[in-house]
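Written out below as structure tokens is the structure these notes cover.
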Amino acid sequence: MKVCLIGLPGAGKTTIFSALTSVDMGKHHLQEKRKTVPVKDERLENIARIYNSNRVVPVVLEILDVEVREEGFIPKAIPPNVDALIVVVRAFEDPAFPLPQHLVDPLKQFRSVLDELILRDLVVCESRLEKLEKSRGSLSNVEQQEHRILQKLREVLSAGTPLFTIEKELLESERKIISSFSFLSIRPMIVVLNLDEEKFRQRSYPGKDGFQEFLKDLGVAYVEICGKFEQELTELPSEEQQDFLEDLGVSEPSIVRMVETIYRHMGLITFFTADRKETRARTLRSGETVLRAAEKVHSDMARGFIRAEIIKYEDLIEYGSDRALREKGLIHVVGKEYLVQDGDIVRIKFNV
Ligand SMILES: Nc1nc2c(ncn2[C@@H]2O[C@H](COP(=O)(O)OP(=O)(O)OP(=O)(O)O)[C@@H](O)[C@H]2O)c(=O)[nH]1
Ligand SMILES: [Mg+2]
């Protein structure tokens, strides 16, 4: 999974990147501005212990901190395969990096980033529509469909609305057609509110209620982080970090809270594959079938899918071995339509 940090210059993107990834900010400009962090999941080790796996492979989250272009708030090139956008909004004062007066309000900051995303999508949409309209008489069926969808999208964007608000209504065939445009505003969005220590401790800042309400109505997830404080913590030994976090009033580092927010917002679940060789965590969207899970493991498994065996995590922990589970009838044989649940241990039987 891949996420990209965007936001106003000086909003604290690099500070938060460093807090989330423990990349040294001083060396940040020398390093690649992308880092993968393992997604912590205690179930993984527990499963691996039972199967005596040689290798344990967590889900990884890749975080990107891309350069902002001269004007505007969004990097010129957001990689097309980014799964979600993390919009950093600033609610701290820093006389060395003042914000323009009209952008001090978090909602206005967010709105200006959102408007830029929408505008960029609109430009892409219109330029393609123009081309299609030029050859109006000789469009293929697919092009006619494309024309119809793009008109619909243009209407949404022209009203100042991001595309993610209608993403769920699209047909699979429509999604496929528009995927090549790599629209920006179609991706799930999570706001990271970057607070200074005082405001973070008070859990309050000017405009908070209105901002949260706006995001909720629009369908954007929200998480508060004390960026600078946590960035500084990453420079301490990990035993000391926990005490400082507790002093700040949080039980876990912001990376944990952010991953949780991303999972919840995107409706993601975790399933596992496990044997002697390796125990591995993988993600799926809630409501996806075991055939889709097979596809994620290996395309051959999906192609030659016969059936799957499902073990519930709690059952595995309680009974401790495949043998005991089998005796209790707790290894469930399912067909390709089975909807995978969070915590399922999935074993695909296939033949190619
Ligand atoms: N007081 C305070 N300062 C912060 C906080 N977070 C970031 N800063 C400071 O704000 C300045 C800008 O932060 P960056 O992380 O570089 O911002 P950015 O979004 O990466 O900026 P660009 O890369 O220029 O777009 C730095 O001097 C940070 O130290 C915070 O929570 N409190
Ligand atoms: Mg930066």
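Since this is a predicted model, take the numbers as computed values, not measurements. Order of appearance sets the numbers: ligands from 1, and atoms from 1 within every ligand. Sequential numbering from 1 along the given sequence is applied to the chain's residues.
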Open item on the list: Check whether Phe305 forms a cation-pi arrangement with Arg303 (NZ or CZ under 6.0 Å from the six-membered ring centre, at most 45° off the ring normal).
Closed with: no
Open item on the list: Looking only at side-chain N and O atoms, does Tyr51 offer a donor or acceptor that is under 3.5 Å from a partner on Asp322?
Closed with: yes
Open item on the list: Checking the N or O distance criterion of under 3.5 Å, is ligand 1 in contact with Thr14?
Closed with: yes
Open item on the list: Does Glu93, at its CD atom, have more than 12 non-hydrogen atoms belonging to other residues, nucleotides or ligands within less than 6.0 Å?
Closed with: no
- [ ] Check whether any N or O atom of Cys226, backbone or side chain, sits under 3.5 Å from an N or O atom of ligand 1, and answer yes or no.
- [x] no
- [ ] Examine Gly227 against ligand 1 and note whether any of their N/O atoms are separated by less than 3.5 Å.
- [x] no
Task: Geometric N/O contact Asn194 with ligand 1, under 3.5 angstrom - done: yes
Task: Within reach of ligand 1, part of Glu197 (heavy-atom separation under 4.0 Å) - done: neither
Open item on the list: Using modelled atom types and a 3.5 Å cut-off, is there a donor and acceptor pairing between side-chain atoms of Arg292 and backbone atoms of Gly287?
Closed with: no
Task: N/O separation below 3.5 Å, Arg90 to ligand 1 - done: no
Open item on the list: Between Glu155 and Gln151, do the side chains contain a donor N or O and an acceptor N or O under 3.5 Å apart?
Closed with: no
TODO: Could you tell me whether the side chains of Asp105 and Tyr205 share a donor-acceptor contact shorter than 3.5 Å?
DONE: no
Task: Within reach of ligand 1, part of Asp65 (heavy-atom separation under 4.0 Å) - done: neither
Open item on the list: Using a 3.5 Å distance criterion without hydrogens, assess whether the side chain of Gln109 forms a donor-acceptor pair with backbone atoms of Leu103.
Closed with: yes
Open item on the list: Only heavy atoms of Glu93, strictly under 4.0 Å: list the atoms of ligand 1 that pass.
Closed with: 1 (N)
- [ ] In sequence, state the C-alpha distance, the side-chain angles, and the governing distance for Ser254 and Glu230, and then conclude on side chain to side chain donor-acceptor pair (under 3.5 Å).
- [x] CA-CA 8 Å; Ser254 52; Glu230 281 215 39; 3.0 Å; yes
Open item on the list: Within the structure, is a non-hydrogen atom of Ala11 found at a distance of less than 4.0 Å from ligand 1?
Closed with: yes
Open item on the list: Between Thr234 and Ser22, do the side chains contain a donor N or O and an acceptor N or O under 3.5 Å apart?
Closed with: no
Open item on the list: As a check for students: among Ala19, Gly10, Ala91, identify the option with a heavy atom nearest to atom 12 (C) of ligand 1.
Closed with: Gly10
TODO: From the options Lys168, Arg175, Lys176, select the one residue that forms a salt bridge (Lys or Arg N to Asp or Glu O under 4.0 Å) with Glu172.
DONE: Arg175
- [ ] Compare Phe200, Phe92, Phe229 and give the one whose heavy atom is closest to atom 8 (N) of ligand 1.
- [x] Phe92
TODO: Could you tell me whether any N, O or S atom belonging to Thr15 is less than 2.8 Å from the Mg ion (ligand 2)?
DONE: no
Task: For Leu8, atoms of ligand 1 separated by under 4.0 Å from a heavy atom - done: 19 (O)
TODO: Provide the number and element of each atom of ligand 1 under 4.0 Å from a heavy atom of Leu195.
DONE: 31 (O)
Task: Ligand-side contact atoms (ligand 1) for residue partner Asp94, heavy atom cut-off under 4.0 Å - done: 3 (N), 9 (C), 10 (O), 27 (O)
